[in-house]
Amino acid sequence: MNTTLPKAYDPKNVEDKLSKIWKEKGLFKAQVDEKKQPYTIVIPPPNITGVLHMGHGLNNTLQDMLVRYHRMKGECVNWVAGTDHGGIATQNVIEKKLAKEQHLSRHDLGREKFVSTVWDWYKECGNAIYNQFQKMGWALDQSNIRFTMDETRAKAVFACFKNWWDKGYIYRGKRLINWCVRCSTALSDIEVEHSEHAGKLWHLLYKGENGQDIIIATTRPETIFADAAIAVNPDDERYKDMVGKKVQIPLTDRFIPIIADEAVEKDFGTGALKITPAHDATDYEVGKRHNLETRVVISSAGKMINTPEKYIGMDRDLCRKETVKDLDAAGLLVKEEKYNNAVSTCYRCGQPIEPYLSEQWFVKMDKLAAAALDAVQKEEVKLVPSNWKAPLENWFKNMQDWCISRQIWWGHRIPVWYCPHCSAKGLTFAKDKQGKEYLSKVSFEEGAEPIISYEQPVCPKCGCKETLQDPDVLDTWFSSSLWPISVFGWPEQTKDLNYFYPTSILVTGYEIIYLWVARMIMTGIDFTGKVPFKTVLLNGIVRDKSGQKMSKSKGNVVDPLDLTAKYGADAVRFSLLSQAITGKDIPYGEDSIIGARNFCNKVYNAARFILMNVAEGTQITPLQKEYKNLEDRWIISRYNQAIKRTTKEIENYNMAAAVDTLYRFLWGDFCDWYIELAKPRFNTEENALVSSILINILYGTLKALHPVMPFITEEIANGLKPYLKDTKEFLLLESYPVCDNSRIDDEAEKQMELLQGVISAVRTVRSQFNVPPASKIKVFIAPKDKQEELVLTKEQNFIQLLAKIDNLEINPNAQKPAQSATAVFAGTAIYIPLEGLIDFAKEQARLQKELGIVINGINNRTRMLENKNFLERAPKAQVENARQELAQMQAKKAEIETAIKDLA
RNA sequence: GCCCAGUUGGCGCAGUGGUAGCGCGUUCCCUUGACAUGGGAAAGGUCACAGGUUCAAAUCCUGUACUGGGCACCA
């Protein structure tokens, strides 16, 4: 008996205490157990760009729920922990930090120092993240935390690169790539975001050498200096005779030819298109077809080069304004119209992308994609929800080669080396701010012969030891794509790899399906012959309350650490899971967490109350095979129903439904009814009996809830354990409850429904006529049939208790006393004498309203039952159901009518 | 332009063939033996619109509108 527990649940101490114990006991440590079935999840490794946000909160809580559930089902669970170095994103964070705190650029530090600064940051930020894992109660195996840049992962990256190089998948080539001027690096196609912006379309006049001028439309006048031709559609009658002639580029003295190409649409703009191969992807293709010059006029820094003197060094945006101004002055600007142009932006910094001609490393995708496509089509990888299947297939079908080189410093350096003697022709050197010479650029076309090596090699040709590594690093997604195998030590055929791979499920956000999920499928199949996961569960984005994406600049970010500190990790978890519908975004506001916090408190107080009332020294026994009391049979039945439904919903990944089921059972059935009914029994010889039911059901519910709210359930379970036999040290080591169908008791549930209905009806009347809760009343009940009479009579006590009735008379022939209100539940009339309290007009209105509803229902059923087609074609049970409802409603109608008549 | 979601009480959302539920909010009553982070009760919805299938449609089909998203194009 414990009466000293505080009234409100305080999560803070409990959570700190438990997470520490779990860690000390190594509860989440994964170990191969051949006797068991493996259940593996690899965490989507969070970038080390800062602390975790609500998106991580949702994503990891979903995984934790699955992990704990499967662990309790007896599987050998391994939830692999780790973080991602996060290439550009992390570099940007550190660069900003350096600029802000020390007014330094990465170039001021130099490459080596900069990289070591990021490593220092990794230790700091990584620890903060691991700490958050623990705070949230995520059952990650933290005894072995992986990082995408640690040695094992680096070796995997190299093994992959080498393998693909040997297979001829990796090549270097000059291409028009997506260049972020701000991040000064190449990006892959899917790292570019598209949006529409209000812009302008300028019509420019190009003077013909023979006086035949041509007008073109462009959104990028600053690129005219890179024009190599004007193209028209071959079928365009307007320009047919001009093809082959030359026109002059405005503001220059250069002449370019007019060519015909299918890529030009007759109906757009003027039907004539300027071709700028070095600064536009379509133009690049046209240029290749027509063997045009690729003149570059915008540098990697976004400044103008190779233009007339005046514009050299100008920023691209300024140059646009100046060009337009000068064109106008020269009378060559024909028209300026408003136009919504598509702007491509960097997914990391949001700045406009510049198509940029440069040499980059690529991976050939055809074979890799074909195998992955096949796996997805055959549903060897199943997407949940499935509406992402088609887009993913489509992506595999139309995939471009993957640009894997990035011109940044933080990441896996490309494992390609050059000899300064043998490859010197292809190498460009530069000096850093410290005056140190470094390899800044490599050009294959000029004959650089690479050496693929993990560590610095000796030149196999000349024996030179001062070989130089390619300056670029790999796309951060390169290492991420290997995650499901690299975490287990691939390319080594480790015991873990053999046992835990393929993983069971991947839980991630739909926004990285192409960036990450698709690529893991490709590498997984390519290197192991097996898909990396059988199921991909896609979670939505956690948005703010009004559905906006959370972002620092909008100031609408909700910090999980704040919420956890304020309401507890369990409440944060519960609120997220209770809204987790597969693939759907969650509008997240603080009120949802308050509800969750209240639920925690409810569970806690239920337990507190039970413990306060168990008689000293009571030995709680397992549930008996049978119980006589209706409420006992009922709660056990409800419990098993809840477990059945919860399990089903978890298996189908409907976490919100699973959580809702347990919430309603615990609050709506267990607390609102069963505990209320148990109260008077504590003082009787039934104390041991009712206590054992309460404690057993509560303990079972705690087990069922444990994957949702690990802390509070563990804490309460610890309080119950002294009364229970054969409990495990931690709930995680218990078995997840299983529904016992033999305990489902339809009769008890039906009888209970009757009693609840009668009690509610009485309460409604009391409330309507403002009968103070303290004043006990007298009630007459006229049961509709013998069966109901029996049930009601048997359970008289509890009707009296919950409806606060002093004197209850159950009698089929009961007459309505004068000055009384009437309530009807399914044909059973309830009379409540209310001398002096009753308001006849109000009562009349109330009864009339109820009568209206019943008549509606009767009409409806009557229509159905008069319909031959319904009788013939509807399932029998359906027809029978309608009949019963009709009968009930008719009885109810009669009772209400009588009541109204008596009132007059 | 193509494709995919969504549209349900004031707000946020469940519900996939038998005329609707939850949480929050609102109104009223209540410190009754755990919990006011609580208890009891009430008000509030013709389930976006138009057709169709069916005995029966919020639920299935077709179309429309609006919102969000993906892909392609974008001079």
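Because only heavy atoms are used, hydrogens play no part in the values below, and waters and symmetry mates are left out as well, while side chains stay in. To find a chain, count down the sequence lines: A is the first, B the second, and so on, and within it residues start at 1.
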Margin query: Just to be sure I understand the rule, does A/Glu866 reach a base, reach only the sugar-phosphate, or reach nothing, if contact means heavy atoms closer than 4.0 Å?
Written below: nothing
Check: Given the C1' atoms of B/A50 and B/G10, what is the spacing between them in whole Å?
Finding: 28 Å
Note to self: How many whole angstroms separate atom CG of A/Asn394 from atom C1' of B/C71?
What the structure shows: 7 Å
Note to self: Can you check the distance between B/A57 and B/C4, where both ends of the measurement are the C1' atom (answer in whole Å)?
What the structure shows: 23 Å
Checklist line | Which residue lies more 5' along RNA chain B, comparing A/Leu871 with A/Thr764 via nearest heavy atoms | finding: A/Thr764
Next item on the list: Side chain of A/Glu676 only, please: which of B/A34, B/C28, B/G33 is the nearest?
Entry: B/A34
Notebook entry, point to check: Given that both pair distances must be under 3.5 Å and the pair must be Watson-Crick or G-U, what runs of three or more consecutive pairs involve RNA chain B?
Noted result: B:1-7 with B:65-71, B:10-13 with B:21-24, B:26-30 with B:38-42, B:48-52 with B:60-64
Notebook entry, point to check: In Å, rounded to the nearest 0.5 Å, how long is the span from CD1 of A/Ile759 to CD of A/Glu676?
Noted result: 10.5 Å
Check: Which nucleotide in the set B/C29, B/A75, B/U37 lies at the smallest distance from any side-chain heavy atom of A/Leu201?
Finding: B/A75
Check: What does A/Asn867 touch in the nucleic acid at a heavy-atom separation under 4.0 angstrom: a base, only the sugar-phosphate, or nothing?
Finding: sugar-phosphate
Next item on the list: With rounding to the nearest 0.5 Å, note down the distance linking CG in A/Leu273 to OG1 in A/Thr282.
Entry: 8.0 Å
Next item on the list: Answer with base, sugar-phosphate or nothing: what part of the nucleic acid does A/Tyr339 contact at a heavy-atom distance below 4.0 Å?
Entry: sugar-phosphate
Next item on the list: Mark up nucleotides 3-18 of chain B, 5' to 3', with B wherever a protein heavy atom is under 4.0 angstrom from a base atom, S wherever such an atom reaches only the sugar-phosphate, and - elsewhere.
Entry: -S-------SSS---B
Checklist line | Interatomic distance, A/Asp280 CG vs B/C73 P [rounded to whole Å] | finding: 11 Å
Notebook entry, point to check: Within the structure shown, what part of the strands sits under 4.0 Å from A/Pro680 by heavy-atom distance: base, sugar-phosphate, or nothing?
Noted result: base
Next item on the list: Can you tell me the distance, in whole Å, between the NZ atom of A/Lys274 and the P atom of B/C74?
Entry: 14 Å
Notebook entry, point to check: So, do A/Arg861 and A/Asn856 sit near enough that their side-chain heavy atoms are less than 4.5 Å apart?
Noted result: no
Check: What distance, rounded to whole Å, do you find between the two C1' atoms, one in B/U8 and one in B/C22?
Finding: 13 Å
Notebook entry, point to check: Rounded to the nearest 0.5 Å, what separation is found between the CD1 atom of A/Ile593 and the OG atom of A/Ser578?
Noted result: 10.0 Å
Notebook entry, point to check: How close or far is atom C1' of B/G1 from atom CG of A/Asp267, stated in whole angstroms?
Noted result: 15 Å
Check: Does A/Lys602 make a side-chain N or O approach to OP1 or OP2 of B/G39 shorter than 4.0 Å?
Finding: yes
Next item on the list: Assign A/Ala342 to base, sugar-phosphate, or nothing according to its heavy-atom contacts below 4.0 angstrom with the strands shown.
Entry: base
Note to self: Using the side-chain heavy atoms of A/Asp660, tell me which of these nucleotides is nearest: B/C28, B/A34, B/C22.
What the structure shows: B/C22
Check: Taking atom C1' in both B/C29 and B/G69, what distance in whole Å separates the two?
Finding: 48 Å
Check: Which heavy atom in A/Ile712 sits nearest to a heavy atom in A/Cys600, and how many Å separate them?
Finding: CD1-O, 3.2 Å
Notebook entry, point to check: Any side-chain heavy atom of A/His203 within less than 4.5 Å of one from A/Ile216?
Noted result: no
Check: When all nucleic acid strands are considered with a 4.0 Å heavy-atom cut-off, which category describes A/Glu872: base, sugar-phosphate, or nothing?
Finding: nothing
Next item on the list: Starting at atom CD of A/Gln400, determine the distance to atom C1' of B/A72, rounded to an integer number of angstrom.
Entry: 11 Å
Next item on the list: State whether A/Lys849 places a side-chain N or O below 4.0 Å from either non-bridging phosphate oxygen (OP1 or OP2) of B/A43.
Entry: yes
Notebook entry, point to check: Do A/Lys679 and A/Phe609 meet the cation-pi criteria used here (NZ or CZ under 6.0 Å from the six-membered ring centre, within 45° of the axis)?
Noted result: yes
Next item on the list: From the options B/C24, B/G33, B/U37, select the nucleotide whose nearest atom is closest to the side chain of A/Lys679.
Entry: B/G33
Notebook entry, point to check: Taking CG from A/Asn340 and C1' from B/G1, how many angstroms apart are they, rounded to a whole number?
Noted result: 16 Å
Item checked: Shortest side-chain distance from A/Asp672, nucleotide among B/G33, B/C74, B/G39 -> B/G39
Check: Does A/Tyr653 have any ring pair (Phe, Tyr, Trp, His ring centres under 6.0 Å) partners at least two apart in sequence or in another chain, and if so, which?
Finding: none
Next item on the list: Tell me what A/Arg597 touches on the nucleic acid: a base, only sugar-phosphate, or nothing, going by heavy atoms under 4.0 Å.
Entry: base
Item checked: Electrostatic pair A/Glu885:A/Arg883 at N-O distance under 4.0 angstrom -> no
Margin query: Under 4.0 Å, counting only non-hydrogen atoms across every strand here, what does A/Val771 touch: a base, just sugar-phosphate, or nothing?
Written below: nothing
Item checked: Residue pair A/Tyr9 / A/Asn605, side-chain donor-acceptor N/O under 3.5 Å -> no
Note to self: Taking only the C1' atom of each, what is the distance from B/G9 to B/A20 in whole angstrom?
What the structure shows: 11 Å
Item checked: Under-4.0 Å side-chain N/O to phosphate OP1/OP2 contact, A/Thr219 with B/C74 -> no
Next item on the list: May I ask you to verify whether the side chain of A/Lys7 and the base of B/C35 hold a donor-acceptor pair under 3.5 Å?
Entry: no
Check: Are A/Asn687 and A/Ser691 linked by a side-chain donor-acceptor pair shorter than 3.5 Å?
Finding: yes
Notebook entry, point to check: Heavy atoms under 4.0 Å, any strand shown: does A/Tyr514 hit a base, just sugar-phosphate, or nothing?
Noted result: sugar-phosphate
Next item on the list: Look at the side chain of A/Thr282 and decide which nucleotide, out of B/A41, B/C35, B/C74, has an atom nearest to it.
Entry: B/C74
Check: Using a cut-off of less than 4.0 Å, is there contact between a side-chain N or O of A/Ser592 and OP1 or OP2 of B/C24?
Finding: no
Checklist line | Candidates A/Lys274, A/Arg320, A/Arg316 - the one meeting side chain to side chain donor-acceptor pair (under 3.5 Å) with A/Thr223 | finding: A/Lys274
Check: Does A/Trp667 have a side-chain nitrogen or oxygen under 4.0 Å from the phosphate oxygens OP1 or OP2 of B/G39?
Finding: yes
Next item on the list: Would you kindly compare A/Thr270 and A/Cys671 by the position of their nearest RNA chain B nucleotide and give the one closer to the 5′ end?
Entry: A/Cys671
Next item on the list: Rounded to the nearest 0.5 Å, what's the gap from CG on A/Asp261 to CD1 on A/Ile230? Could you check?
Entry: 13.0 Å
Check: If you measure from the C1' atom in B/C35 to the same atom in B/G40, how many Å do you get, rounded?
Finding: 15 Å
Notebook entry, point to check: Between B/U37 and B/U32, how far is it from one P atom to the other, in whole Å?
Noted result: 15 Å
Note to self: Strictly below 4.0 Å: does A/Asn598 bring a side-chain N or O up to OP1 or OP2 of B/G38?
What the structure shows: yes
Check: Rounded to the Å, how far apart are A/Phe609 CZ and B/U37 P?
Finding: 19 Å
Check: What is the distance from CG of A/Asn605 to C1' of B/A34, rounded to the nearest Å?
Finding: 5 Å
Check: Under 4.0 angstrom, heavy atoms only, what part of the nucleic acid is A/Leu273 near: base, sugar-phosphate, or nothing?
Finding: base
Notebook entry, point to check: Taking the inter-plane angle between the rings of A/Phe670 and A/Tyr674 on a 0 to 90° scale, is it parallel (under 30°), tilted (30 to 60°) or perpendicular (over 60°)?
Noted result: parallel
Next item on the list: Could you give the distance separating B/G6 and B/C13 at their P atoms, to the nearest angstrom?
Entry: 13 Å
